[in-house]
2 protein chains.
Amino acid sequence: MVQKRAAILEVLRNSQGHLQADEIFRRVKQYYPNMVLATVYNNLHALTNDGYIRHIKTATGADFYDKTPTPHEHALCVNCGKLIDADLGDLAAHLRERADIPVLSYDLILHTVCPDCDNGCDQNNT
Amino acid sequence: MVQKRAAILEVLRNSQGHLQADEIFRRVKQYYPNMVLATVYNNLHALTNDGYIRHIKTATGADFYDKTPTPHEHALCVNCGKLIDADLGDLAAHLRERADIPVLSYDLILHTVCPDCDNGCDQNNT
DNA sequence: CCTCCTTTTAGAATTGTTCTAAAAAGAGTA
DNA sequence: TACTCTTTTTAGAACAATTCTAAAAGGAGG
C-alpha cells in the first residue's frame with residue numbers, strides 16, 4: 001500500500017472540495033514533514049490517471065484538484081479565489097449538439113461571486 | 001502615432017486569426033529587428049484594453065491573441081495545436097440561464113480536431 | 001541477504017509572462 | 001534649437017507553477 005498517495009487522497013477528501021497543489025502539500029506535510037512538492041505532483045497525477053480525483057486546469061496557472069472525479073462544471077469566485085461546483089445541466093450534450101465542429105472535450109471555468117462572498121461583508125453598503 | 005503598436009495590430013490582422021505572443025514577436029521582428037518581447041506584451045495588453053483585439057487564456061499557459069474582439073468561442077485542435085473559432089450560438093445566455101450561480105464571465109476552450117487536420121493525412125488508413 | 005521495481009527526494013530546469021529601472025523617443029512650448 | 005513632460009521601448013532579471021532528472025530509499029519476493 002502506498003501510504004503517501006493515500007494520505008494525499010485523504011487530505012483532499014477531508015477538504016471542502018477543491019485544493020491547489022501547494023495547499024495539499026502544506027496539509028500533507030503535517031503528517032510527513034519531509035515530503036517534497038514533487039511527490040505531491042507525482043501522486044496527484046497518479047490519482048488522476050487512476051480516476052480517483054480530477055485535475056482542473058485554470059487559465060491563471062494555478063490548477064485545482066477535485067475530490068469528485070465525475071464530470072461537472074466549476075466556477076472561480078472573483079472575490080475570494082475559491083473554486084466551487086456549478087450545476088449547468090448536461091452541458092457536454094449541449095455543446096456537442098450546438099457546435100459546428102467536433103467536441104472531444106472542453107475546459108470551462110465560470111467566474112462568479114460565490115455564496116459565501118455574496119452573504120459576506122464585501123457589499124458596498126456605506 | 002504609435003508605430004510599433006500599429007505594426008503588432010497589423011501582423012495580427014494579416015494573420016489567419018489567432019497567434020501566440022512569441023509568433024507575433026517573430027513576425028514583427030522582421031520589420032523592427034531590435035524589438036523585444038516585452039514590447040509585444042506591452043502593446044498586446046494596450047490593444048486588448050482598448051478593445052482592438054482579444055486575449056484568450058488557455059490552461060496550457062500559452063495564450064492566444066485574436067484579431068476579432070467581439071465575443072465568440074474557441075477550440076484548440078488536439079492534433080496541430082491551432083486555435084480556431086467555434087460557433088455555439090449564444091452560449092453566454094445559455095450559461096446564465098442554466099447556472100445555479102451568477103455567471104459574470106467564463107473561460108471556455110473546446111478541444112477538437114480542426115477541419116485541416118480532419119482532411120489531412122493523419123487518419124489511420126493503413 | 002539479493003535483486004528488482006517503485007516511490008521519494010533534492011534541486012535544477014522549464015515556460016510563458018510580468019516587472020523594474022534606465023534609456024530613448026515624441027509632443028508641445030518657447 | 002532647447003527644454004520639459006510624458007509615453008514607449010529596451011535589456012535583463014524575476015516570477016510562479018509545474019516538470020524533469022538522477023540519485024537514494026523503500027518494499028516485495030525468492
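Order of the sequence lines sets the chain letters (A, B, ...), proteins ahead of strands, with each chain counted from 1. As a basis for the values below, the full set of heavy atoms in this structure was taken, side chains included, without hydrogen atoms, waters or symmetry mates.
When the C1' atom of C:dT9 is taken as reference, atom CG of A:N42 falls 10 Å away, rounded to whole Å. Taking atom NZ of residue A:K29 and atom C1' of nucleotide C:dT9, one finds them 12 Å apart after rounding to whole Å. Atom CG in A:N34 sits roughly 12 Å away from atom C1' in C:dA10 (whole-Å rounding). Rounded to an integer number of Å, the gap from CE of B:M35 to C1' of D:dT10 is 11 Å. We find that CZ of B:F25 is positioned 11 Å from C1' of D:dT10, with the value rounded to whole Å. Here the C1' atom of nucleotide D:dT9 and the CG atom of B:L44 are 14 Å apart, to the nearest Å. Computed from coordinates, the B:Q3 CD to C:dA24 C1' distance equals 14 Å when rounded to whole Å. To the nearest angstrom, P of C:dT17 lies 12 Å from CD1 of B:I56.
Note on A:H55: nothing from the nucleic acid sits closer than 4.0 angstrom, heavy atoms only. Among the protein residues, A:A38 comes within range of the nucleic acid bases, having at least one heavy atom under 4.0 Å from a base atom.
Counting only residues at least two apart or in different chains, salt bridge (charged side-chain N to carboxylate O under 4.0 Å, His left out) contacts with residues 98-111 of chain A are absent.
Sparse packing is recorded around OH of B:Y31, with 12 or fewer heavy atoms of other residues, nucleotides or ligands lying under 6.0 Å away. Atom NZ of A:K57 sits in a sparse spot, with 12 or fewer heavy atoms from other residues, nucleotides or ligands closer than 6.0 Å.
Listed pair A:K4 / C:dT9 meets the phosphate criterion, a side-chain N or O lying under 4.0 Å from OP1 or OP2. An OP1 or OP2 oxygen of C:dT17 is reached within less than 4.0 angstrom by a side-chain nitrogen or oxygen of B:Y41. Within the structure, a side-chain polar atom (N or O) of A:N43 is placed less than 4.0 Å from OP1 or OP2 of C:dT8. The phosphate of D:dT18 (OP1 or OP2) has no side-chain N or O of A:H45 nearer than 4.0 angstrom.
Among C:dT9, D:dT9, C:dT17, the nucleotide with an atom closest to any side-chain atom of B:T39 is D:dT9. Among the nucleotides D:dT10, C:dT8, D:dA17, the one closest to any side-chain atom of A:A62 is D:dA17.
Proximity of the aromatic rings of A:Y106 and B:H111 is defined here by a centroid distance below 6.0 angstrom, and this criterion is not met.
Minimum heavy-atom separation, A:V36 to A:F25: C-CE1, 3.6 Å.
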